[in-house]
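When reading the values below, keep in mind they use all heavy atoms of this one structure, side chains included, and skip hydrogens, waters and symmetry mates. Both counts, for ligands and for their atoms, begin at 1 and track the order of listing. Here, residue 1 is the first one in the sequence, and each next residue gets the next number.
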Amino acid sequence: MSQHSSSTLVIPEVSAIPRHVAIIMDGNGRWASKRMMPRVAGHSEGLGAVRNIVQECRKFGVEYLTVFAFSSENWRRPPEEVGFLMKLFLKSLKGEVSRLAESDIALRLIGDLSRFDLAIQEMVEFSEDLTANCKGLTLTIAANYGGRWDILQAMRQCLAKNPNLKPEQVSEELLQPHLSMAYAPEPDLFIRTGGEQRVSNFLLWQLAYTELYFTDILWPDFDEQELHKAFEWFSQRERRFGRTSAQLATHKL
Ligand code: FPP
């Protein structure tokens with residue numbers, strides 16, 4: 001069994017500040033279009049919002065922040081936009097990694113990186129190594145990530161490791177350590193900006209019991225105040241993990 005268990009197996013401790021926040025940063029394109037700017041300008045502005053939210057989460061004692069930067073479906077976008085996002089990704093890794101290390105923030109990437117340029121893959125490895133011992137916050141960037149891909153790659157790894165596995169032996173405990181985010185507890189709070197109310201193939205397995213927060217704010221406008229609103233909303237949720245309210249009251253005593 002890995003360090004962190006699935007919430008379908010173990011009831012985690014609940015606190016007012018989420019330990020793990022997962023974000024779909026949607027609305028960059030619309031933010032730019034509203035200002036008669038090219039869509040890609042919205043992505044550059046979105047990077048500024050990522051910086052602020054990372055530091056604010058660190059300040060609040062959030063332990064894990066996971067952001068969806070590029071989904072496996074995003075390859076379908078116009079080639080110029082994909083190319084721009086790749087350049088922005090590489091530039092931001094190069095520009096930010098030393099600041100992340102200074103702020104005691106560990107960087108991890110999840111997703112199928114094999115489709116990315118070698119320069120990006122090398123920079124990812126360098127950044128992960130440089131920040132590997134940082135303890136303040138773990139920032140995970142999901143790039144060319146898909147929740148279904150994650151479950152499938154975990155299943156393949158699991159079968160490769162246990163070639164004689166019988167169907168009845170397949171369990172959550174056996175699969176979970178092979179998921180991309182096995183190093184982290186499951187997200188407590190999921191935030192999606194930009195008005196859509198979908199999970200869009202993000203952390204499908206890991207979001208099973210996560211509180212889902214949706215806001216119309218476009219990602220470049222998602223600032224510290226907006227994060228506080230999401231935390232405030234989260235602190236008022238009653239997380240039952242399948243139990244009744246009465247059981248929860250007893251558990252809290
Ligand atoms: C969704 O907005 C956003 C993306 C596909 C890219 C997110 C990238 C960033 C915020 C900048 C880079 C971040 C890192 C961590 C390096 P959209 O384009 O779908 O917006 P729309 O729905 O208004 O079209």
Closest non-hydrogen protein atom to [atom], residue and atom name please, with distance?
atom: atom 15 (C) of ligand 1; answer: Ile141 CD1, 3.8 Å
atom: atom 24 (O) of ligand 1; answer: Arg39 NH1, 2.9 Å
atom: atom 4 (C) of ligand 1; answer: His43 CE1, 3.9 Å
atom: atom 12 (C) of ligand 1; answer: Leu88 CD2, 3.9 Å
atom: atom 6 (C) of ligand 1; answer: Ala69 O, 3.3 Å
atom: atom 9 (C) of ligand 1; answer: Asn28 ND2, 3.8 Å
atom: atom 1 (C) of ligand 1; answer: Met25 O, 3.1 Å
atom: atom 14 (C) of ligand 1; answer: Leu47 CD1, 4.1 Å

Any Lys/Arg nitrogen of Glu226 or Lys229 sitting under 4.0 Å from an Asp/Glu carboxylate oxygen of the other?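 Salt bridge between Glu226 and Lys229, a charged N being under 4.0 Å from a carboxylate O: yes.
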Are Glu102 and Arg99 within salt-bridge range, i.e. N to O under 4.0 Å?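 The answer is no: the pair does not qualify as a salt bridge.
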Show me which atoms of ligand 1 lie under 4.0 Å from any heavy atom of [X].
X: Asp26; value: 1 (C), 2 (O), 17 (P), 19 (O), 20 (O), 21 (P), 22 (O)
X: Ser92; value: 16 (C)
X: Arg30; value: 21 (P), 22 (O), 23 (O)

Considering distance alone, does some N or O of [X] sit under 3.5 Å from an N or O of ligand 1?
X: Trp219; value: no
X: Asn74; value: no
X: Gly27; value: yes
X: Val67; value: no

For Phe214 and Arg198, work out which heavy atoms get closest and say how close.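 So the two residues come closest at CE2-N, 3.6 Å.
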Minimal non-hydrogen separation, Thr210 against Pro187, with atom names: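 So the two residues come closest at OG1-O, 2.7 Å.
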Please determine, by modelled atom types, if [X] and [Y] share a side-chain donor-acceptor pair under 3.5 angstrom.
X: Asn201; Y: Trp149; answer: no
X: Gln153; Y: Asp150; answer: yes
X: Thr140; Y: Tyr183; answer: yes
X: Asp221; Y: Trp31; answer: yes

Side chain to side chain donor-acceptor pair (under 3.5 Å) partner of His20, chosen from Thr66, Thr138, Asp188: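 Exactly one option meets the side chain to side chain donor-acceptor pair (under 3.5 Å) with His20, and it is Thr66.
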Does the Lys NZ or Arg CZ of Arg237 fall within the cation-pi geometry relative to Trp233 - under 6.0 Å from the ring centre and within 45° of the axis?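 So Arg237 does make the cation-pi contact.
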Counting only heavy atoms, which portion of Arg77 has something under 4.0 Å from ligand 1: side chain, backbone, both, or neither?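 Side chain only.
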